[in-house]
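Written out below as structure tokens is the structure these notes cover.
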Amino acid sequence: MSEPHADELPEAFRDEVALLAMGAMLPEEAEALQRRLAADPRAKELYATYQALWARVREESEPRDGDLPDGERVLQRLRKQIAEESRSALKPVPPPAAPPARRTGIWFAAFLLLAVAALIGVGIAFGPAGGPPPHPPRPKPEPPLATVEPLPGEERGEALRANETFTAREDGQRIQLDGGVDVRLRAGSSITLRSANEMILESGEAAVRWPAGRKDFTLQAGRMKVRAAGDLARFVLRREPEEILLAEGRAAAAAGTAEHTVAAGQAAALNEAGLLELRNDAGADAASSWVVERFAKSLELALRLEPRAPGGPVLATIVLRNAGSLVLSVPGYHELGVNFGLQVRASAQDAPAFTKVLPRKLRKRLAPDLAEELTPSRVPVTLHPGESYELELDLRTVLPEPSTPAHVAAHYLYRSDPAEAGSWGITLKSAECEVPAAP
């Protein structure tokens, strides 16, 4: 293959053809030059020659078996091949009328040798044929192991990867790991994800729920390590003091060579000597009230008493209202549910008695003068800000003697995940209403 005689082609034009062959032109410039090449056979042949030379450079400098090429060997072979190409390009021609322009083949060969020497020297391999040398490939990021629940106003939560540390903001944040493990961090608490199966509580406290069968998951708080014992486990883990409080299920807590199985209602903690001790007064539900405070503080529970007519029903309405700015999903009424209850006292001095609720009607109030009837269901009720869920009751079945007054209050168990077993909850209580004696 030989280069055409390019004496009549302007030097600047030959430079542009060389850059086009190397793929080093901007797209709009390359498109304009390609149109010129299509109209000029000499320039088109020159472009083909430069493409062939550049292909040789790429081929000779390609890494072998993942190793960088031997720079000196590549340069020697390219010098020999380009010299042969240049001698072919410089075969005798009739003398021109003006001093001949320098041979582009020699100029381009020298340019290629300098380019490949520089590129090999810094260890950069060439890119696809006809394209510019790419930047060194960036390492692919590790796949995320968990996702943080977005805070109000955020479109998506943060993705957490191996060996990353995360600190919860505001009222605490929820982290969901692959495999169903759910971790809620109290505000200011920090965790580090070692892997998909190992998490370290660096500071503060976490409310944890993991499903049955996740025996491969381990949590660590200081010198204490916790793993599931095969059941659905729900507990609070603290870094200082190092302790675990079981609300549901079982878990295995270990420190040093000692290990104990902790059951629901129990706690395990390290004492001053660093020994693991069990106790039975865990109080995990009370200790975990912060988990649902962010949502529960948006709920208002009230008991509204209707005037009592002689011989008529004693009507009251439990009103659960969303007074916050977030959309909430709350457990509704179901015959087998335990979310709603009544606390009844015959007098101010008597101990309260608790009884289940038997509503006559269920309503979702969308506005003061607009409500829709509902039926008992296990499906959570969605309450937008300002909406309320109402249960109309006849208290005659739960009141003591009608001739004496009574004090009644409503109770409601709010759960963080109404449709999920093992979710965290907090009990809301209305103000007491005094039901007067029957007239």
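Heavy atoms only: backbone and side chains are in, while hydrogens, waters and symmetry mates are out.
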Exercise for review: Using the test side chain to side chain donor-acceptor pair (under 3.5 Å), find all partners of Tyr47 that sit at least two apart in sequence or belong to another chain.
Suggested key: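 Tyr47 satisfies side chain to side chain donor-acceptor pair (under 3.5 Å) with Gln51 once adjacent residues are dropped.
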[X] [atom1]: over 12 foreign heavy atoms closer than 6.0 Å:
{"X": "Glu335", "atom1": "CD", "result": "yes"}
{"X": "Lys364", "atom1": "NZ", "result": "yes"}
{"X": "Lys356", "atom1": "NZ", "result": "yes"}

**Study point:** NZ/NE/NH1/NH2 to OD/OE distance under 4.0 Å, Glu259 and Arg227
**Key:** yes
Do any N or O atoms from the side chain of [X] and from the backbone of [Y] form a donor-acceptor pair under 3.5 angstrom?
{"X": "Arg363", "Y": "Glu390", "answer": "no"}
{"X": "Gln34", "Y": "Arg36", "answer": "no"}
{"X": "His260", "Y": "Val262", "answer": "no"}
{"X": "Arg396", "Y": "Leu399", "answer": "no"}

Check your understanding: Passes side chain to side chain contact (heavy atoms under 4.5 Å, CB included), Val398 versus Leu358? Steps please.
Key -> CA-CA 10 Å; Val398 299; Leu358 298 172; over 6 Å; no
Is there a side-chain contact between [X] and [Y], using heavy atoms and a 4.5 Å cut-off?
{"X": "Leu366", "Y": "Glu387", "answer": "yes"}
{"X": "Ile191", "Y": "Thr165", "answer": "no"}
{"X": "His384", "Y": "Asn322", "answer": "no"}
{"X": "Arg279", "Y": "Leu245", "answer": "yes"}
{"X": "Phe235", "Y": "Val226", "answer": "yes"}
{"X": "Glu306", "Y": "Arg304", "answer": "yes"}
{"X": "Leu37", "Y": "Leu46", "answer": "no"}
{"X": "Leu342", "Y": "Leu393", "answer": "yes"}

Review point. Taking the inter-plane angle between the rings of Phe217 and Trp210 on a 0 to 90° scale, is it parallel (under 30°), tilted (30 to 60°) or perpendicular (over 60°)?
Key: perpendicular
Practice item. Please work out whether the ring planes of Phe340 and Tyr412 are parallel, tilted or perpendicular, with thresholds of 30° and 60°. Key: tilted
Exercise for review: I would like to know whether Arg184 and Ser416 meet side chain to side chain contact (heavy atoms under 4.5 Å, CB included); could you show each step before the answer?
Suggested key: CA-CA 11 Å; Arg184 296 168 188 263; Ser416 57; 3.7 Å; yes
Point to revise | Pairs where residues 193-202 contributes a residue and the test side-chain hydrogen bond (donor to acceptor under 3.5 Å, both in side chains) is met, not counting sequence neighbours | key: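 Passing the test, one end in residues 193-202: Thr192-Glu202, Asn197-Arg214.
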Considering non-hydrogen atoms only, spot the tightest contact between [X] and [Y] and give its length.
{"X": "Pro385", "Y": "Gly324", "value": "CB-O, 3.2 Å"}
{"X": "Gly332", "Y": "Val381", "value": "CA-CG2, 4.0 Å"}
{"X": "Leu232", "Y": "Pro211", "value": "CD1-CA, 4.0 Å"}
{"X": "Leu246", "Y": "Ala263", "value": "CB-O, 3.2 Å"}
{"X": "Ala146", "Y": "Leu177", "value": "CB-CG, 3.8 Å"}
{"X": "Val319", "Y": "Ser388", "value": "CG1-CB, 3.9 Å"}

**Study point:** Pair His411-Gln343, side-chain donor/acceptor within less than 3.5 Å
**Key:**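 Distance-only check passes for His411 and Gln343.
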Can you tell me how far [atom2] of [Y] sits from [atom1] of [X], rounded to the nearest 0.5 angstrom?
{"X": "Arg234", "Y": "Ser288", "atom1": "CZ", "atom2": "OG", "answer": "6.5 Å"}
{"X": "Glu149", "Y": "Asp182", "atom1": "CD", "atom2": "CG", "answer": "8.5 Å"}
{"X": "Leu145", "Y": "Leu160", "atom1": "CG", "atom2": "CG", "answer": "8.0 Å"}
{"X": "Leu301", "Y": "Tyr389", "atom1": "CG", "atom2": "OH", "answer": "12.5 Å"}
{"X": "Leu428", "Y": "Lys297", "atom1": "CG", "atom2": "NZ", "answer": "13.5 Å"}
{"X": "Lys225", "Y": "Leu276", "atom1": "NZ", "atom2": "CG", "answer": "14.0 Å"}

Point to revise | From CA spacing to verdict: side chain to side chain contact (heavy atoms under 4.5 Å, CB included), Asn163, Leu193 | key: CA-CA 5 Å; Asn163 297 314; Leu193 275 177; over 6 Å; no
Practice item. Please assess Leu201 against Leu185 for the test side chain to side chain contact (heavy atoms under 4.5 Å, CB included), listing each intermediate value before the final yes or no. Key: CA-CA 9 Å; Leu201 180 62; Leu185 285 180; 4.2 Å; yes
Point to revise | Candidate list Ser203, Ser189, Ser190, test side chain to side chain donor-acceptor pair (under 3.5 Å), partner Thr167, passing option | key: Ser190
Review point. Taking only residues two or more places apart in sequence, or in another chain, which ones meet Trp424 in a ring pair (Phe, Tyr, Trp, His ring centres under 6.0 Å)?
Key: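 Once residues adjacent in sequence are excluded, Trp424 has no partner under the ring pair (Phe, Tyr, Trp, His ring centres under 6.0 Å) criterion.
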